[in-house]
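Shown next, in structure tokens, is the structure this report addresses.
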There are 2 protein chains.
Amino acid sequence: MSKPPARIRLADAAFALFDERGYEQTTVDDIAERAGVGRTTFFRHYRSKEDVIFPDHDRLLELIRDRLATSSHRTALVAVSDTVRLVLLHYIDEGDLARRRYALTSKVAALRDREIASVARYQRLFREFIADWMGDPTESASLRAELMAANVVAAHNHVLRRWLRGESADPVAEVDEAMREVLALFPPPGSPAEPGGGTTVVAFRTGQDLDALLPSLRRLVEGGPER
Amino acid sequence: MSKPPARIRLADAAFALFDERGYEQTTVDDIAERAGVGRTTFFRHYRSKEDVIFPDHDRLLELIRDRLATSSHRTALVAVSDTVRLVLLHYIDEGDLARRRYALTSKVAALRDREIASVARYQRLFREFIADWMGDPTESASLRAELMAANVVAAHNHVLRRWLRGESADPVAEVDEAMREVLALFPPPGSPAEPGGGTTVVAFRTGQDLDALLPSLRRLVEGGPER
DNA sequence: CTTTGGAACGGTACTCAGTACCAAGGATAG
DNA sequence: CTATCCTTGGTACTGAGTACCGTTCCAAAG
């Protein structure tokens, strides 16, 4: 019969009331009252009403930062995949709580916006990490970093939402597969040519000697300004 | 000496005060007072304090929806590019206003979150449009639609932010180029092989007749289960 | 010219989130 | 027993956003 700590009681009361009356119809006073504490105590444990639902986004942000930091240049892309898996596992660990939160964010616009803002912070971390990793200050590289980061979080969110909706039995395998697909979109820097899509095989026969052809081939492959 | 309409006066007063004292330090009363109207009038013209800065995101949303709607199945990808260019031009038309807004969203977290939430709504439109266009209800296609939409808005935002920072002399050309790059990442459905990245050119010489080689080549290109 | 109807405006009063401050209780170290 | 710290609850305040009401102004209809 011993009471759980106030922080837990507040969260329980909040979710229960949100389910009963809806988010906007529930005041902080209501939550505090049902939890059996004062209004002040609520704001001591949670910075805002929304914070009851998103308690540890800061911690998750740190988690991502730390995981990305512990990676060498060679293992950068692996680190990205690992980090995404880590974030997904974090949500899965929350289990039913994550699903109740999803039900709320699906209905209340203010909460959806808040969720999106948090995700944007993750994306920013990935973007900065990838940009650092590429080390290339050109505008083209900057765009690529932006795109890669957008893909990474989009893939994660896609799988996460599938799991939240109960559409995925093995989300970890799915996210790994999705990340492979994402990273395949971006050919490694050493690749021969522009990402033109697909594989082109040219077979031809000529009487010319191979050495005579090489200069033309080289020009084609290296794609200089001359046509 | 005739006064501009209240809506304009309110916006001018708001931006001036935000510049002088900062966003949080400015109350709605301050804005209304400087504009020479009552507080009630402020909320009649703008739903909230943030709305003064983001006045027509709803209209922009409609613009996107309409432009995407007027496209046949064949021109879907062109419509996406056109729409992105349209949105970019919308911001460019705002000129200095867009830049002042950018200065604010760069400093005030609440405004940045709001901006991000709006962009997420655009992204949703693109995702739904692309998913419809692909018409393929499989999980793989769904992920692809999500990724494409993420890329499209990321590319747009990248170019837009460059222009807002004064780093781009010809943002329209840049966004067109960025969109080409994005769409090149996603090979069209009829493409021969997996998006493995890059272009492979094979040049070789043989004494065999071309007809004798064709079956082997065909097997390679079509990529059956046998190696 | 008068009347009527609607639209824009200003004012008052209210709810609620979030902040600041202070006073009381309870445990602990000395 | 006492001084101290920490947690808690209460009170009071600011500011955003909503609801409602009375006024004014303008225009069309009579």
Side-chain angles (χ1 to χ4, degrees), chain A residues 2-18 20-55 57-58 101 104-105 107-115 117-118, chain B residues 1-55 57-58 101 104-105 107-115 117-118:
Chain A
S2 70
K3 289 192 288 187
R7 189 181 169 81
I8 308 294
R9 291 208 314 278
L10 281 166
D12 286 346
F15 273 93
L17 286 168
F18 293 161
E20 290 173 19
R21 318 181 192 173
Y23 178 79
E24 276 106 349
Q25 281 65 44
T26 303
T27 72
V28 174
D29 284 295
D30 297 336
I31 302 172
E33 190 186 353
R34 177 170 296 202
V37 299
R39 205 176 93 98
T40 312
T41 302
F42 176 90
F43 284 106
R44 260 192 210 100
H45 286 281
Y46 300 100
R47 274 178 298 205
S48 71
K49 190 176 160 188
E50 297 176 354
D51 254 33
V52 192
I53 307 177
F54 309 100
H57 259 134
D58 290 346
R101 185 192 302 128
L104 283 173
T105 54
K107 294 201 179 307
V108 184
L111 299 180
R112 183 167 43 242
D113 290 355
R114 161 77 180 249
E115 171 88 41
S118 299
Chain B
M1 285 302 285
S2 71
K3 289 192 288 187
R7 187 180 170 83
I8 308 293
R9 292 208 315 276
L10 281 166
D12 287 345
F15 272 94
L17 286 168
F18 292 162
D19 285 343
E20 290 174 20
R21 319 182 192 170
Y23 178 79
E24 277 106 349
Q25 281 65 42
T26 304
T27 72
V28 174
D29 283 295
D30 297 336
I31 302 172
E33 190 186 353
R34 179 171 296 203
V37 300
R39 204 177 94 97
T40 311
T41 302
F42 176 91
F43 284 107
R44 257 191 212 101
H45 285 281
Y46 300 100
R47 274 178 297 207
S48 71
K49 189 176 161 187
E50 297 176 354
D51 254 33
V52 193
I53 308 177
F54 308 101
H57 259 134
D58 289 346
R101 186 191 302 127
L104 283 174
T105 54
K107 294 203 178 307
V108 184
L111 298 180
R112 183 166 44 242
D113 289 355
R114 161 77 181 249
E115 171 87 42
S118 299

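Please read all numbers here as calculations on a predicted model, not as lab measurements. All values below were derived from every heavy atom in this structure, side-chain atoms included, with hydrogens, water molecules and symmetry-related copies excluded. Order of the sequence lines sets the chain letters (A, B, ...), proteins ahead of strands, with each chain counted from 1.
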Partners of A:Arg7 by side-chain hydrogen bond (donor to acceptor under 3.5 Å, both in side chains), sequence neighbours excluded?
none
Is A:Ala6 touching bases, backbone alone, or none of the nucleic acid, heavy atoms closer than 4.0 Å?
nothing
Spacing of B:Leu111 atom CG relative to D:dA16 atom P, expressed in whole Å:
13 Å
Sequence neighbours excluded, which residues qualify as ring-ring contact (aromatic ring centres under 6.0 Å, His included) partners of B:Phe54?
B:His57
Spacing of B:Phe42 atom CZ relative to D:dT18 atom C1', expressed in whole Å
14 Å
Holding to ring-ring contact (aromatic ring centres under 6.0 Å, His included), I want the full list of residues that pass it with B:Phe43, two or more places apart in sequence or in another chain.
none
Got a sec, which residues hit side-chain hydrogen bond (donor to acceptor under 3.5 Å, both in side chains) with A:Glu24, two or more places apart in sequence or on another chain?
none
Check the distance between D:dA16's C1' and B:Leu10's CG and give it to me in whole angstrom.
16 Å
What are the atom names and distances for every N/O pair under 3.5 Å that joins the protein to nucleotides 20-26 of chain D?
none

Going by side chain to side chain donor-acceptor pair (under 3.5 Å), name the pairs with one or both residues in residues 37-46 of chain B, residues two or more places apart or in two chains.
none
Rounding to an integer number of Å, can you tell me how far B:Tyr23 OH sits from D:dG15 C1'?
12 Å
Would you call B:Arg34 and B:Asp29 a salt bridge, taking side-chain N to carboxylate O under 4.0 Å as the test?
no
My understanding is that only residues two or more places apart in sequence, or in another chain, count here; which of them pass side-chain hydrogen bond (donor to acceptor under 3.5 Å, both in side chains) with B:Glu33?
none
Contact interval (first through last nucleotide) of DNA chain C with protein chain A, 4.0 Å heavy-atom
C:dC16 to C:dT19
Residues at least two apart in sequence or cross-chain that pass side chain to side chain contact (heavy atoms under 4.5 Å, CB included) with A:Ala110, listed by chain then number, are A:Glu50, A:Val108
Hits for ring-ring contact (aromatic ring centres under 6.0 Å, His included) against B:Tyr23, two or more places apart or cross-chain, chain-then-number order -> B:Phe18
Within residues 24-35 of chain B, find the residues that approach DNA chain D with a heavy atom at under 4.0 Å, and present them sorted by residue number.
B:Thr26, B:Thr27, B:Val28
Within this structure, what is the CZ-to-P distance between B:Arg39 and D:dG15, rounded to whole angstrom?
11 Å
Residues which pass side-chain hydrogen bond (donor to acceptor under 3.5 Å, both in side chains) with A:Arg21, listed by chain and number, not counting sequence neighbours:
A:Asp30
How close or far is atom P of D:dA19 from atom CZ of B:Phe43, stated in whole angstroms?
12 Å
Ignoring hydrogens and angles, tell me if any N or O in the side chain of A:Lys49 forms a donor-acceptor pair with the backbone of A:Thr26 under 3.5 Å.
yes
